[in-house]
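Presented below is the structure to which this report refers.
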Amino acid sequence: MSYDPEHPPAKKFKPGSPAFHLQRRGPMHPGPRKPPVAMELQRRSLPIYHVRAQLIAQLRQLDCAVIIGETGSGKTTQIPQYLYEASIGRQGVIGVTQPRRVAAISLATRISEEKKAELGKLVGYTVRFEDITSEETKIKFLTDGMLLREAIGDPLLRRYSVVILDEAHERTVHTDVLFGIVKAAQKKRRELGKLPLKVIIMSATMDVDLFSQYFNGAPVLYLEGRQHPIQVFYTKQSQSDYLQAALVTVFQIHQEAPASHDILVFLTGQEEIEAMTKTCRDIAKHLSDGCPQMVVMPLYASLPHSQQLRVFHGAPKDHRKVILSTNIAETSITIPGIKYVVDAGMVKAKKYNPESGLEVLAVQRISKAQAWQRTGRAGREDSGICYRLYTEDEFEVLEKMTIPEIQRCNLASVMLQLLVLRVPNILTFDFMSKPSPDAVRAAIEQLDLLGAVERKEDQVILTPLGRKMAAFPLEPKFSKTILVSPKFHCTEEILTIVSLLSVDSVLHNPPAKRDEVQASRKKFISSEGDHITLLNIYRAFKNLGKNKEWCRENFINARNMLLVSEVRSQLRDICIKFSVSIESSRTDTRNIRQCLAHGMFINAAELQPDGTYTTVDTHQPVAIHPSSVLFHCKPACVIYNELLHTSKCYMRDLCVVDTDWLFEAAPEYFRRKLKSVKT
DNA sequence: GAGCACTGC
């Protein structure tokens, strides 16, 4: 589905017909289907059912409410139905946002079953590439990003009578922008005497005052949950090695607890988890006979889907399941039957430094809110136990909340979106948590360089180019690259490259088969860099009819590859809408690189006499990431897709360019940069 | 010289 900001999309779905073929990641465990009577009984057994009448009475009165509910309260599944059943907001659609696609899809599926309605009729959902709604749809689940896209065509959200922002405590960038958008829409609709907009914020037990204050002192309604009691233990002494502490704790539990009690361990990343998996398996092999067997499973996002699914399978009899996970198990994946949580208290998270434009991925302490979220994973079905591998004093000094994402990311997309949403002044936008002035300035500077905005007397104005850029579901530098591509007659190739860069890596690198991977990849490698190499891979994939077997043989992630072609066709549709001429450069790669230089000139780096690289923009020392095909090469000048600071500051996904092309792309900018080198 | 938390349009 493509999107034109001037004309919201027509509903393409006809109930009964399979509207889409692609599903990136299906619901993790849909659960057994229940017969209708059992389902109604289950609805009535939820804690929320007992306060249904009061809840409806209050929500009928209020323009705005904050609902705090523990997990298992049934707020997300029941409140939209209660509103509908009580004829609240029937004049329009009840929209419920979710931070994740899977959640939007599985909630809509579940509630359409509860309402005994075919999915896509009374109850439906809208996520990227899938619109399972119709004219009849009154309860609609959608990702927060999707509601934001809809707001571009209709900032007053006129088709909605109620907007419920669920999982608000997660504070995704999209939810944070939506706070401001729904607040403004509500006010404006009231002033214009239009259908009122009811706003409901749903959250776990955090941030209550912040939400209520932001929405002009909206009342807070508390819902009882059905969380089982969890005992929390701290270490007596501070642990210098959390991996060692985790290992000891796991085997202590293993030797004492019944085999049916599964353990979930929170660690920080793939490498650490793989190493720990191996260590646990080795130790488990040599345990005494009295001990149960142990099944150890790693869990992280880049693990192939099939291996992720293994965590839902019960372990064989007399075997204990031990899952070593990143924070993916905090929110995205819920594993049933966990009795013990072991929390190392650390997380790998991204920070953004607006001055250097640098994203730093670093292991850091979790927040209290995160610690409680992890703890909660032990009490989903029965009482549980949580071992925190840090002292109570250490817990007390943790930050109360995780810093919202909007204060940790590059704001270029957000600022562009606010402009196209016709926010009166993006510099004074009513954020619940304001991003730093530095970050705002850096974002506007970037949009200015890309030609998306102009600055006139302290005002930031959207240019026609900027308006087009905002229509693409991409970072501004990518939409700019697409929009300049006709000048270089290579739009077909740029669409492919941008699509490849905007999804998870299509390259699968199992460490055990390194030599095989290298041998197979050789045939695609271009000395011009990663962009052209990826283009070669996509071309081969397409020429061979998008063959899954071929992908497996060549260590290509077929699922991500199909997603690339889906993204590509979405971007292509948007180009067609703007009458962008779509040509192919065929065998010529020079003009493709020239085009990339024109769109991504801000991300340029030059080779220094000592053999190292520095960025042109801030003269930050950088290195070529080991995953790049240029890792062993030393081109004089490159553009990179992103900088990532781990053990060093790495450039990822590089393309060899001429310095002349960069000068042509932004003469003034480079003259300025050159001057600053000389001084 | 040697590596990658998690989402989403």
Side-chain angles (χ1 to χ4, degrees), chain A residues 1-3 5 9 24-25 97-104 126-131 142-152 167 170-178 266-274 299-303 325-333 346-351 359-364 366 370 373 402 405 408-409 413-414 416-417 420 470-476 478-479 499 502-505 507-509 511 514 563 566-567 570-571 574 611-613 622-628 630-634 642 644-653:
Chain A
M1 196 185 78
S2 61
Y3 197 82
R24 189 181 189 183
R25 181 175 293 168
T97 69
Q98 293 293 321
R100 283 169 291 281
R101 297 168 50 97
V102 239
T126 306
V127 296
R128 190 182 188 183
F129 308 128
E130 272 191 286
D131 182 13
L142 67 176
T143 46
D144 47 14
M146 207 65 214
L147 185 60
L148 213 49
R149 278 277 135 189
E150 288 188 6
I152 293 175
E167 309 284 7
E170 289 192 26
R171 303 292 304 273
T172 68
V173 178
H174 292 150
T175 303
D176 265 34
V177 175
L178 280 172
F266 283 102
L267 299 172
T268 68
Q270 172 175 349
E271 198 182 330
E272 179 179 288
I273 286 169
E274 289 294 354
L299 181 63
Y300 45 86
S302 59
L303 199 66
S325 175
T326 60
N327 43 342
I328 194 171
E330 256 172 43
T331 49
S332 305
I333 294 181
M346 305 300 271
V347 68
K348 201 178 272 185
K350 211 180 246 180
K351 288 188 208 162
E359 290 177 334
V360 181
L361 190 61
V363 173
Q364 47 202 297
I366 58 171
Q370 253 177 310
Q373 179 69 29
T402 310
E405 201 186 351
R408 289 186 286 126
C409 70
S413 300
V414 171
L416 186 60
Q417 226 152 14
V420 83
F472 289 90
L474 294 170
E475 276 179 56
F478 288 149
S479 21
S499 304
S502 63
V503 307
D504 287 341
S505 175
L507 307 178
H508 180 51
N509 297 313
R514 236 183 60 180
L563 187 65
E566 201 81 10
V567 170
Q570 186 187 26
L571 301 179
I574 300 171
T612 65
Y613 284 86
V622 288
I624 297 177
H625 195 277
S627 66
S628 172
L630 298 178
F631 184 52
H632 293 288
C633 311
K634 290 218 180 291
E642 63 172 351
L644 190 77
H645 198 124
T646 50
S647 63
K648 236 195 242 179
C649 193
Y650 286 109
M651 301 179 276
R652 287 214 305 206
D653 294 316

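Proteins get letters first, then strands, A, B, ... in listed order; numbering begins at 1 in each.
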Between [X] and [N], is there a contact of a side-chain N or O with OP1 or OP2 at under 4.0 Å?
X	N	answer
A:Ser647	B:dG3	yes
A:Thr143	B:dC9	yes
A:Ser627	B:dG3	no
A:Tyr300	B:dC6	no
A:His625	B:dA2	no

Between [options], which nucleotide has the shortest distance from any of its atoms to the side chain of [X]?
X	options	answer
A:Asn327	B:dC6, B:dC9, B:dG3	B:dC6
A:Arg128	B:dT7, B:dG3, B:dC9	B:dC9
A:Arg101	B:dG1, B:dC9, B:dG3	B:dC9
A:His174	B:dC4, B:dG8, B:dC6	B:dG8
A:Tyr650	B:dC9, B:dC4, B:dG1	B:dC4
A:Lys350	B:dG3, B:dA5, B:dC9	B:dA5
A:Thr326	B:dC9, B:dC6, B:dG3	B:dC6

- Query: Mind checking what makes side-chain contact (heavy atoms from CB on, under 4.5 Å) contact with A:Cys649, not counting sequence neighbours?
  - Reply: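 Expected list: A:Leu358, A:Gln620, A:Val622, A:Leu643, A:His645.
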- Task: May I ask you to decide whether A:Glu170 forms a salt bridge with A:Arg100, counting only side-chain N to carboxylate O separations under 4.0 Å?
- Result: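 Counted as a salt bridge, because a side-chain N and a carboxylate O are separated by less than 4.0 Å.
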- Message: Between C1' on B:dA5 and NZ on A:Lys348, what's the gap in Å once rounded to a whole number?
- Response: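 In whole Å, B:dA5 C1' and A:Lys348 NZ are 7 Å from each other.
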- Query: How many Å lie between NE2 on A:His632 and C1' on B:dA2, as a whole number?
  - Reply: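 Rounded to whole Å, this separation is 8 Å.
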